[in-house]
Structure formats: structure tokens, C-alpha cells
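This structure is a prediction, so every number in the text was calculated from the model and none was measured.
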Protein chains: 2
Amino acid sequence: MKEKELRRSLAVLPIGTVMKLTSLTARQIRYYEAQQLVFPERNEGNRRMYSLNDVDRLLEIKDYLADGVNVAGIKAIYDQQQKAAQAKATAQQKPLTDEDVRRILQDEFIRQGGLGHPTPGMQRPL
Amino acid sequence: MKEKELRRSLAVLPIGTVMKLTSLTARQIRYYEAQQLVFPERNEGNRRMYSLNDVDRLLEIKDYLADGVNVAGIKAIYDQQQKAAQAKATAQQKPLTDEDVRRILQDEFIRQGGLGHPTPGMQRPL
DNA sequence: CATTCATGTCAGAAAATCTAACATCGGCGT
DNA sequence: ACGCCGATGTTAGATTTTCTGACATGAATG
């Protein structure tokens, strides 16, 4: 079940796609980031890249706002959650080793090659 | 299990992302399309948009090529598969109605709002 | 050696995204 | 009523990404 989590947290979506998936405007999405509600990555060219988890979170934010919760409230909720999660993580140390991550990355979603640009000549030997 | 299929076939990835996920160059990806091995969608601005299924297929193509199968061979394989799938589809008619699709779209991945841009004022009534 | 296949590279145009600034609009306290 | 603030709209100019089309190349092959 670990590769699914990785997949969902891979930042692969540009803001245009996220706009369509959430029906939010770019303005809104960037504003929520400025308010520390989402934390998209940036690609080499400084463009925001979102994961499926980010999309989920944006949809959540939209729900909260529609329910009358303001941005500060939402941030408080997330800060709360994060503190709880952190405590839990501290409890059960070392749940996933670097070795695990490497193995997973070489798996289905990113098979032979994947994100770590291999040298151009790299090919399965025979 | 149907929404997973939909998710995987949603065209949400720009070519830059696909390049990273597959370690293919834009040139290669476009060439495979010209050779009818993949069929990305286009967005309103004519940019290619890929689904996770497309990524899988590109990784497959990469494997085939590494194994010495040329593009014509790969195309033959896919044409074959498609013919088989089509026959099967003809056999069991109407496996998924438009209604089903609509219901699924309104579900998890694209929840309230989703792709079908609702009017700006649209909000859950109270 | 001339072709063909798969890919590289380049140029110019168009689309997408970025930041920063200013505008608007609804609610709310005074 | 007034002014403030939170959330969003809009615009401008710059930068990045992607597009198509053309020409180049290296390996294999007849």
C-alpha cells in the first residue's frame, strides 16, 4: 500500500490542470498557498506542480469555505492535524527506510528509469 | 473499481511531466504519437495532455524498444489488442451507461464541482 | 553506399504560468 | 454611513513550456 501513497504525493500536475479538477481559479489556488494551506512544489522553471493529495486538499478547502470556515480557521485545523500526525510519527520511529523508498520508486509507476534521469546510454544489458 | 479506471484515463499531465515520469524526450513521445502508438488529448490551447494510462503505455513502448521490437511491431501488437478488446466489448453490450459516468465523475476524485465548470455563483445552498 | 528508422536539434510562434500591483465586493464593527 | 479586511478579480510584463516543421545524424541493413 506504500506505492499508492507515493503516487498520490507525486507533484505532477500544473496549475491549469488543478484549476479544472477543482473548479478553482489560479488566483484562489495561489492565495491558499500564500496562506499556507497548500504547499505545491516547483519545477526547474519555477512553475507550481501539484500532487493528487494537493488536489484533495484544495477540494477540502473549498468545502470548508463553502461551510463558512475562513482561511484562518482552515489553517488552524491543518496545523492541528499536522501536530497530531507528528506526534504519532515520533512514537513509531523509522516506518520507512530510504531503501524502501528506492525500491518503490523502481516499481510500477516509475519503472526502469523513473524520475532519476539515467544516463542516456543506460539500457537493460542485453 | 470503475472510478479508478476513469482516474487513470483522465488526461491531466503535460508533456513535461510525462518526460520525467518516463525518461523519454519530448521528441520521442511526439514521435510515438505520430506513429499512432499513443493518443494524448489536447487542451483548449492545443497542448498535449496525458493520462496515467498513457504513461503506462509509454513505459511499455520503451520496454518493447529496449527489447528490439521496432515501432511497427509495437503498433501491430496494439492493433491486435484493440481488435480483441473491441470484440469483447461487442459481446457484452452496454457495460457502462452515461448515467454511470456522470455519477462517477461527481464522486471522489472530482467531487462537487469537478470538470464541468459550474456557474461561478454555484455553491451548496446553506 | 544509399535508405530507413529513431532520435537530436533548432527556430519561431503560441500558450501557460509567474509575480506584483491595483480593483472590487461583501461583511462587520463603530 | 464609513472604513477596514478578507477573499477574489483583473491586468501587465516577463519567463517558461509547448507547439510545428525542418533539417541533421547515427546505426542498421539491403
Side-chain angles (χ1 to χ4, degrees), chain A residues 11-50 54 58-77 113 117-123 126, chain B residues 11-50 54-55 58-76 113 117-123 126:
Chain A
V12 293
L13 309 172
I15 200 169
T17 293
V18 175
M19 290 172 64
K20 288 180 189 158
L21 292 177
T22 61
S23 295
L24 292 169
T25 64
R27 183 66 167 93
Q28 289 176 301
I29 296 169
R30 296 197 195 104
Y31 180 68
Y32 303 153
E33 177 186 0
Q35 303 307 310
Q36 313 246 57
L37 297 184
V38 279
F39 306 91
E41 298 183 13
R42 297 294 183 115
N43 70 4
E44 320 74 47
N46 196 40
R47 268 85 245 270
R48 276 168 259 253
M49 298 300 288
Y50 298 83
D54 290 330
L58 286 167
L59 290 169
E60 244 182 62
I61 292 169
K62 206 181 158 189
D63 283 357
Y64 277 129
L65 286 172
D67 284 353
V69 182
N70 67 11
V71 164
I74 299 170
K75 177 154 174 46
I77 291 168
H117 281 191
T119 51
M122 183 192 128
Q123 215 79 17
L126 270 221
Chain B
V12 293
L13 309 173
I15 201 170
T17 293
V18 175
M19 290 173 63
K20 289 180 190 156
L21 292 177
T22 62
S23 295
L24 293 168
T25 65
R27 183 66 167 93
Q28 289 175 302
I29 296 169
R30 296 196 195 105
Y31 180 68
Y32 303 152
E33 178 186 359
Q35 303 306 309
Q36 313 245 56
L37 296 184
V38 278
F39 306 91
E41 297 183 13
R42 298 294 183 113
N43 70 4
E44 320 74 47
N46 197 39
R47 268 84 244 269
R48 276 169 259 254
M49 298 300 289
Y50 299 83
D54 290 330
V55 172
L58 286 168
L59 290 169
E60 245 183 61
I61 292 169
K62 204 181 161 189
D63 282 357
Y64 277 129
L65 287 171
D67 285 352
V69 181
N70 66 12
V71 165
I74 300 170
K75 177 155 172 46
H117 283 190
T119 51
M122 183 194 127
Q123 215 79 17
L126 267 220

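For the atom pair B:Arg27 CZ and B:Ile15 CD1, the distance stands at 11.0 Å (nearest 0.5 Å). Between the CE atom in B:Met19 and the OG1 atom in B:Thr25 there is a gap of 6.5 Å [rounded to 0.5 Å]. Rounded to the nearest 0.5 angstrom, B:Ile61 CD1 and B:Leu58 CG are separated by 5.0 Å.
A heavy-atom distance below 4.5 Å is not found between the side chains of B:Val18 and B:Asp54. Within the 4.5 Å cutoff, the side chain of B:Leu21 has heavy atoms near those of the B:Leu13 side chain. Put simply, the side chain of A:Asp63 does not reach to within 4.5 Å of the side chain of A:Leu59, judged on heavy atoms.
Computed from coordinates, the B:Leu37 CG to C:dC5 C1' distance equals 13 Å when rounded to whole Å. The distance from atom CE of B:Met49 to atom C1' of D:dT17 is 12 Å, rounded to the nearest whole Å. Per the geometry, CD belonging to B:Glu33 stands 16 Å off P belonging to C:dA6, to the nearest Å.
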* To do: Can you check each nucleotide of nucleotides 10-17 of chain C against protein heavy atoms at under 4.0 Å and return B for base, S for sugar-phosphate only, - for none, in 5' to 3' order?
  => ----BSSB
* Structure fact -> For nucleotides 3-12 of chain D, 5' to 3', base contacts (B), sugar-phosphate-only contacts (S) and non-contacts (-) with protein non-hydrogen atoms under 4.0 Å give ---SBBBB--
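Taking each heavy atom of A:Tyr50 and A:Pro14 in turn, the nearest pair found is CD1-C, 4.3 Å.
The side-chain contact (heavy atoms from CB on, under 4.5 Å) search around A:Asn43 returns A:Arg47, A:Met49, B:Lys20, not counting sequence neighbours.
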Considering only distance and modelled atom types, tabulate donor-acceptor pairs under 3.5 Å from the side chains of residues 29-38 of chain A, sequence neighbours left out.
| unit_1 | atom_1 | unit_2 | atom_2 | d |
| --- | --- | --- | --- | --- |
| A:Glu33 | OE1 | A:Arg48 | NH1 | 2.6 |

All N/O contacts under 3.5 Å from nucleotides 28-30 of chain D to the protein, with atom names and distances to one decimal?
none

